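In this chain, numbering begins with 1 at the start of the sequence shown. Remember, predicted model here, so these are calculated numbers, not experimental data.
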Amino acid sequence: MFDKEYDVIVVGAGHAGSEAAAVAANMGSRTLLVTMNLETIGQMSCNPAMGGIAKGQIVREIDALGGLSGIVSDKSAIQFKMLNQSKGPAMWSPRTQNDRMRFSEEWRMQLEAIPLLDFYQEMVLGLIIEGEKVVGVRTSLGIEIRSKAVVLTNGTFLNGLIHIGDKNFGGGRAGERASTGITGQLVELGFESGRMKTGTPPRVDGRSLDYSRMEPQPGDAITSKFSYSNLTSSLKHQRDCHMTYTSPEVHDLLREGFDRSPMFNGRIKSVGPRYCPSIEDKIDRFATKDRHQIFVEPEGWNTCEVYVNGFSTSLPEDVQFKALRSVVGFEKVKFFRPGYAIEYDYFPPTQLKHTLETKLISNLYFAGQINGTTGYEEAASQGLMAGINAVRKIREEESFILKRDEAYIGVLVDDLITKGTEEPYRMFTSRAEYRTLLRQDNADLRLTPRAVELGIVTDEALNRVERKANESEKMVQFLRDTSYDYKEMNPLLESKGSKVVTQNDKLFKVFSRPQINLEDIKTISQVKTYLDENELDDDILEQVEVHVKYAGYISKEKDNADKLHRLENVKIPSNYDFKSIKSLSYEAREKLTKIQPVTVSQASRISGVSPSDISVLLVHMGR
């Protein structure tokens with residue numbers, strides 16, 4: 001069946017695997033996607049949502065680079081929200097609620113439409129290694145499939161173990177078996193492995209809930225979307241979510257099961273996600289809080305299945321049921337399935353290069369939860385980067401690496417391979433030191449030109465981006481050059497509670513005031529005329545407003561990024577002998593030897609490497 005060698009084999013068809021397979025094939029490489037179940041391609045294993053704080057920026061970056069997560073999310077969305085709109089634009093984050101079944105179906109349709117992508121359903125038991133290079137995979141039926149590169153995206157399936165109370169059983173997801181064999185082989189090859197945990201809440205029957213006792217959580221009145229392309233459109237109709245709360249009574253009922261909880265009785269020894277704790281963890285860590293939010297999220301347009309966000313748990317099913325029935329609106333709840341925790345193998349990502357290729361085995365790439373991350377968006381972005389770099393490596397082309405000031409994806413990868421992670425890594429805006437540059441509204445301006453160079457997206461996308469850049473710059477210059485009549489301006493300023501002016505001045509200056517927004521400035525005669533003469537899309541006007549309001553911050557961050565680039569240009573030779581530099585601290589020598597940074601800038605971000613250590617390094621690199 002597999003007499004020819006593939007260019008790239010992708011193992012696993014979750015968010016990371018789907019993006020990796022799609023981009024490799026779309027770049028012209030003959031690609032095989034191997035998964036244990038073709039019916040669960042692109043499965044939303046946990047909550048039926050995409051995006052959110054910093055994660056929404058990642059989805060837009062994936063879209064700008066020619067990935068498919070944004071398109072799939074838009075086509076399966078049932079609600080759209082732009083989070084954090086009360087804060088500055090660096091914090092604005094798009095999020096969709098999605099139809100779980102349509103999301104998976106859309107991913108499969110998108111993948112099946114790619115001519116160079118083949119599919120095969122079977123478990124991969126091991127890798128074919130020749131020397132220090134991967135040359136294919138071996139399946140559970142003993143079939144050997146050869147390739148030039150392999151991308152592992154195994155999710156929670158590597159030796160997965162599911163916990164519900166004092167019961168546990170092997171599985172990679174509810175109703176699906178775990179994957180075995182790969183961990184043992186990688187450890188034998190010299191890789192370090194570890195265990196992590198994640199959890200999921202009960203799924204319940206929405207027909208058994210009393211929504212009248214909950215708080216409705218509608219989507220935005222004016223909706224947007226993830227994809228910059230014209231392949232999708234904003235939602236015209238939406239489904240509401242709802243919110244309710246736990247109570248002291250609910251907490252007491254949950255505590256009754258703590259002695260049977262795998263979290264508290266020692267059955268689970270691995271670390272779970274800090275920023276998505278289980279309900280038992282929340283009531284234990286925050287014992288003084290009387291209640292916690294529960295978000296009631298529909299699983300799709302037409303299904304009655306509901307996701308109980310905020311009630312992730314591995315407590316016994318009878319305890320889950322009893323406690324949930326004491327939540328307001330859940331008094332008659334019926335379960336579709338209980339919540340559970342799952343432990344799985346991962347490989348500390350300090351064993352990877354910036355390309356996500358492993359340091360030990362050439363042409364082998366890791367992406368997603370195998371690297372210790374949590375979240376669909378983080379996984380998808382890693383899959384995209386691994387797929388791109390696998391193709392470029394086998395073509396002997398330059399690696400594709402995003403810097404920390406270019407993309408959240410760059411921050412994510414650099415954090416993982418430089419600092420590693422001892423708990424499931426989740427992206428936040430606070431992790432990005434250049435977040436004013438890395439906004440959700442300008443991901444296309446930042447990254448689409450790079451994707452055109454890579455051959456992933458068409459010139460049509462580049463033309464759209466260039467128009468957006470040119471038209472927004474042109475209008476900003478118009479505001480800088482054009483003066484207003486202070487007599488016309490003052491009534492507006494008074495109505496907005498802003499200080500009146502006594503002489504004419506530039507429109508840019510008054511527009512930069514925090515009280516004055518885009519709709520206000522549109523009422524000024526010169527701006528009205530300009531907009532009548534130039535048909536500008538909303539995304540162009542948004543760029544103009546952000547640039548005017550935050551010009552100072554943006555300029556400062558660009559200066560800081562330029563300083564960083566100087567250190568990025570100071571390269572460190574491969575396999576450098578850091579232990580020979582006796583003036584480095586002992587900890588720095590140990591950390592630098594383990595991680596083998598490729599630039600002085602990367603070395604400066606390693607925990608335990610001090611500024612004085614960097615000064616020593618700069619002296620040695622200078623020599």
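- The two residues Leu438 and Ala432 make their nearest non-hydrogen contact at CD1-CB, 4.2 Å.
- By the side chain to side chain contact (heavy atoms under 4.5 Å, CB included) test, Asp505 pairs with Tyr484, Lys509, sequence neighbours left out.
- Using a 4.0 Å cut-off between a side-chain N of Lys or Arg and a carboxylate O of Asp or Glu, Arg446 and Glu406 do not qualify as a salt bridge.
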message: One pair to check against side chain to side chain donor-acceptor pair (under 3.5 Å): Gln110 and Glu106. What are the steps and the verdict?
response: CA-CA 6 Å; Gln110 292 284 338; Glu106 188 60 43; 3.0 Å; yes

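- Using a 4.5 Å cut-off on side-chain heavy atoms (C-beta onward), Pro449 and Leu462 make contact.
- In this structure the side chain of Leu507 never reaches within 4.5 angstrom of the side chain of Asp481, judged on heavy atoms.
- Each of Asn442, Val457, Leu65, Ile62 was checked for a side chain to side chain contact (heavy atoms under 4.5 Å, CB included) with Leu447, and the lone residue meeting it is Leu65.
- Annotation: side chain of Leu32 is not in contact with side chain of Val10 (no heavy-atom distance under 4.5 Å).
- Closest approach of Arg239 and Gln79 over heavy atoms only: O-NE2, 2.9 Å.
- In this structure the side chain of Pro298 reaches within 4.5 angstrom of the side chain of Cys241, judged on heavy atoms.
- For the 3.5 Å distance criterion, the side chains of Ser574 and Gln596 fail to qualify, holding no donor opposite an acceptor.
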message: Using side chain to side chain donor-acceptor pair (under 3.5 Å), reason through Gln602 and Thr418 one step at a time and then give a plain yes or no.
response: CA-CA 7 Å; Gln602 185 193 352; Thr418 301; 3.2 Å; yes

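- Every side chain to side chain contact (heavy atoms under 4.5 Å, CB included) that Ser227 has, sequence neighbours left out, goes to Asp63, Ile71, Asp74, Lys225, Ser229, Thr232.
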Enumerate, atom names and distances included, each donor-acceptor pair closer than 3.5 Å involving a side-chain atom of residues 23-30, sequence neighbours excluded.
{"from": "Asn26", "atom 1": "ND2", "to": "Ala22", "atom 2": "O", "distance (Å)": "3.2"}

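- Aromatic ring centroids of Phe511 and His547 lie 6.0 Å or more apart.
- The pair Arg605-Asp414 counts as a salt bridge, with a side-chain nitrogen and a carboxylate oxygen less than 4.0 angstrom apart.
- Side-chain contact check for Asp220 versus Gln85: some heavy-atom pair is nearer than 4.5 Å.
- Looking at residues two or more places apart in sequence or on another chain, you find a ring pair (Phe, Tyr, Trp, His ring centres under 6.0 Å) between Tyr530 and Phe478.
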field: Derivation of the side-chain contact (heavy atoms from CB on, under 4.5 Å) call for Thr429 and Ile53
entry: CA-CA 7 Å; Thr429 51; Ile53 308 300; 4.2 Å; yes

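- Here the closest heavy-atom approach between residue Met475 and residue Leu536 is recorded as SD-CD1, 3.8 Å.
- With sequence neighbours left out, the salt bridge (Lys or Arg N to Asp or Glu O under 4.0 Å) criterion links Lys549 to no other residue.
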field: CA sep, side-chain torsions, deciding dist, call: Gln543, Asp539, side chain to side chain donor-acceptor pair (under 3.5 Å)
entry: CA-CA 6 Å; Gln543 283 296 301; Asp539 59 342; over 6 Å; no

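- Qualifying side-chain hydrogen bond (donor to acceptor under 3.5 Å, both in side chains) partners for Asp444, counting only residues two or more places apart in sequence or in other chains: Lys468.
- For the atom pair NE2 (His15) and CG (Leu384), the distance works out to 14.5 Å, reported to the nearest 0.5 Å.
- For Asn98, the side-chain hydrogen bond (donor to acceptor under 3.5 Å, both in side chains) partners are Ser76, Thr96, not counting sequence neighbours.
- Taking the ring centre of Tyr425 as origin, the terminal cationic atom of Arg274 falls outside the region bounded by 6.0 Å and 45° from the ring axis.
- Going from atom CD of Gln57 over to atom OG of Ser381 covers 12.5 Å, rounded to the nearest 0.5 Å.
- Gln351 is linked by a side-chain hydrogen bond (donor to acceptor under 3.5 Å, both in side chains) to nothing, counting only residues two or more places apart in sequence or in another chain.
- Ion pairing of Glu557 with Arg435 is absent here, as no side-chain N (NZ or NE/NH1/NH2) approaches a carboxylate O to less than 4.0 Å.
- Judged as a salt bridge (Lys or Arg N to Asp or Glu O under 4.0 Å), and not counting sequence neighbours, the contacts of Asp537 are Arg467.
- The pair Lys393-Glu357 meets the salt-bridge criterion, since a charged nitrogen lies less than 4.0 angstrom from a carboxylate oxygen.
- Salt-bridge annotation for Lys522 and Glu519: present, with a side-chain N of the basic residue lying under 4.0 Å from a carboxylate O of the acidic one.
- Considering all non-hydrogen atoms of both residues, Gln97 and Ala49 come closest at OE1-CB, 3.9 Å.
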task: Evaluate side chain to side chain donor-acceptor pair (under 3.5 Å) for Ser93 paired with Gln440, printing each intermediate quantity in order.
output: CA-CA 7 Å; Ser93 302; Gln440 55 83 30; over 6 Å; no

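- Partners of Tyr486 according to the ring pair (Phe, Tyr, Trp, His ring centres under 6.0 Å) rule, which considers only residues two or more places apart in sequence or in another chain, do not exist here.
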- request: Kindly indicate, with the supporting measurements, whether the criterion side-chain contact (heavy atoms from CB on, under 4.5 Å) is fulfilled by Glu545 and Asn517.
  value: CA-CA 8 Å; Glu545 183 165 24; Asn517 61 35; 3.7 Å; yes

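- Applying the salt bridge (Lys or Arg N to Asp or Glu O under 4.0 Å) rule to pairs touching residues 88-97 yields Arg95-Glu297, sequence neighbours excluded.
- Shown here for Arg392 and Phe400, the closest heavy-atom pair between the two residues is CD-CB, 4.1 Å.
- Salt bridge status for Lys403 with Glu568: absent, with no side-chain N to carboxylate O gap under 4.0 Å.
- Between Lys506 and Ser483, the shortest heavy-atom contact is NZ-OG, 3.3 Å.
- Phe366 pairs by the ring pair (Phe, Tyr, Trp, His ring centres under 6.0 Å) definition with Phe191, Phe347, not counting sequence neighbours.
- Atoms CG and CD1, from Asp559 and Ile554 in turn, are 12.0 Å apart once rounded to the nearest 0.5 Å.
- In this structure the side chain of Thr599 never reaches within 4.5 angstrom of the side chain of Leu567, judged on heavy atoms.
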